[in-house]
Amino acid sequence: MLESKKFYSRLGATFAPGIMNSIILPRPGVKLIRFTGGAYDVPSLPSAEVKRIFEEASPQNWAEMLQYGGTAGMPSLLKELSTFMAGYKIKADPAKEIIVTTGSQEAIDLVARVFIDKGDLIIVGAPTYLQALSAFKQANPKFVDIPIDSDGMDVDSLEGKLKKINAVGKKAKMLYIIPSFQNPDSSLMTMERRKRVLELAETHDFIIFEDNPYGYISFEGPMPTPLAGMDKSGRVMYTSTFSKMVSPGMRIGWITANPDFTGHMIEAKNNISICNDGLSQYAAAELFKRGDVERQIPKVTKVYRKKRDIMLEAMETSFPKKAKWEEPKGGLFLWVRFPKNFSTDEVLKDSVAKGVAFVPGSLFFTKPVHNYMRLNYSLPSEEDIVTGIQMLGRLLKEKLQ
Ligand SMILES: Cc1ncc(COP(=O)(O)O)c(C=O)c1O
């Protein structure tokens, strides 16, 4: 047997398969109800629309799709993305300020590569999106954790931390934030807090990386203006994605930033993927042009609102009284809190053995916190939501005794 370990780079050695990969592997013949990732409701996927787009493509369209394209993205898609973002008050020049990425995950990786050095102070929510933490960790920063409540990041705490950082002669470099229906807790940052974060960024001169995959999935009125729509000095970088609103499999994400920043990120993307997939970009541009994106968002939001309600009702009847949660106003997740001494990491294995998987909350923190659980309601069917929550509720009651 090859002694694999000795060949890994220092960074490569950190990529050992995590808890989720090892536990949640599909097992033949065993049905697993997955309350795990933020996958799309399968019957709602725009399959017919995408099929029609390809059936109607001209030879010239096919040539464009099957050839290498520019690293920043297909011009027709960049134009559509610029128009789409303008609807949310974000101004972005399609020729210089947008890059199409392989999902917003690639945008996160690009930001980690281009902006983070070892030891840089990077501000994140506690909790926050685990795969952003993981991507940032590649560059070895120091995380500054700021608590999140139902109104988003606690801005008073942020201000206090920034003052302490300054007092020791240091500076924070970047804030990573998911203001609208944050992953994992689905909190929605108030407008007042959004404005204060931008003011703090000006005063303390740090850049902001805003991640907005879930803002469109809003159950009560339109999505509040993103920070990028209020940015006056080009310090906000903004990423979003098709994954939650149209299709995750198309892998269409994008990042917008000032042209200096995008220039560097384009060079970095050249090393990773040269350019995005042409078929997917063409289909994405057409979905925008034909109004399919505009129709798809309210359609899928309605499905998710119903699934959220079904999950909430099932939890109300089946979950132990010691479990606490808030009703998500948008997004795809329910975030459940347990008493401090309870560890959901220790429930996962038994839960999977009984046929239900969830994501342990510990993965969303930079420090050891174990008493949370994230539940996804977008993927499982309505029946599976009820069955799975009943099964999980019984197990949690046993464990909490
Ligand atoms: C907050 C956040 N950002 C980024 C992503 C990456 O999504 P994608 O690469 O599919 O666009 C996700 C996926 O769940 C997410 O929750």
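For the single chain, residues carry numbers from 1 onward in sequence order. When a ligand or atom number is given, it counts from 1 through the structure's own listing order.
- At least one heavy atom of Lys244 sits under 4.0 Å from some atom of ligand 1.
- Listed by number with element, the atoms of ligand 1 under 4.0 Å from a non-hydrogen atom of Gly103 are 8 (P), 9 (O), 11 (O).
- Put simply, part of Arg251 is less than 4.0 Å from ligand 1, judged by heavy atoms.
- Taking the centre and axis of the six-membered ring of Phe219, the NZ or CZ atom of Arg305 falls outside the cone set by 45° and 6.0 Å.
- Ser104 OG, 3.3 Å is the protein heavy atom nearest to atom 4 (C) of ligand 1.
- Proximity of Pro248 to ligand 1, defined as any heavy-atom pair under 4.0 Å, is not found for any part of the residue.
- Here's the thing with Ser243: one of its N/O atoms is less than 3.5 angstrom from an N/O atom of ligand 1.
- Of all the atoms in ligand 1, the ones that sit under 4.0 Å from a non-hydrogen atom of Ile178 are 1 (C).
- Proximity to Thr241 (heavy-atom distance under 4.0 Å) selects the following atoms of ligand 1: 8 (P), 11 (O).
- More than 12 heavy-atom neighbours from other residues, nucleotides or ligands sit within 6.0 angstrom of CD on Glu56.
- Here the heavy atom of the protein found nearest to atom 5 (C) of ligand 1 is Tyr129 OH, 3.4 Å.
- Contact detail for Ile274 and Thr71: the closest heavy-atom pair is O-OG1, 2.8 Å.
- Between Tyr216 and Tyr88, the distance separating the two ring centers is shorter than 6.0 angstrom.
- Note on ligand 1: Pro213 sits in its first shell, one or more heavy atoms being nearer than 4.0 Å.
- When ring centroids are compared, Tyr304 and Phe333 stay outside the 6.0 Å threshold.
- Looking at Trp325, Phe358, Phe35, Tyr372 one by one, the single match for ring-ring contact (aromatic ring centres under 6.0 Å, His included) with Trp335 turns out to be Tyr372.
- Checked against a 6.0 Å centroid threshold, the rings of Trp62 and Phe54 count as neighbours.
- For Tyr214, the closest heavy-atom approach to ligand 1 falls below 4.0 Å.
- More than 12 heavy atoms of other shown residues, nucleotides or ligands fall within 6.0 angstrom of atom CD in Gln138.
- In terms of protein heavy atoms, atom 3 (N) of ligand 1 is closest to Asp211 OD2, 2.5 Å.
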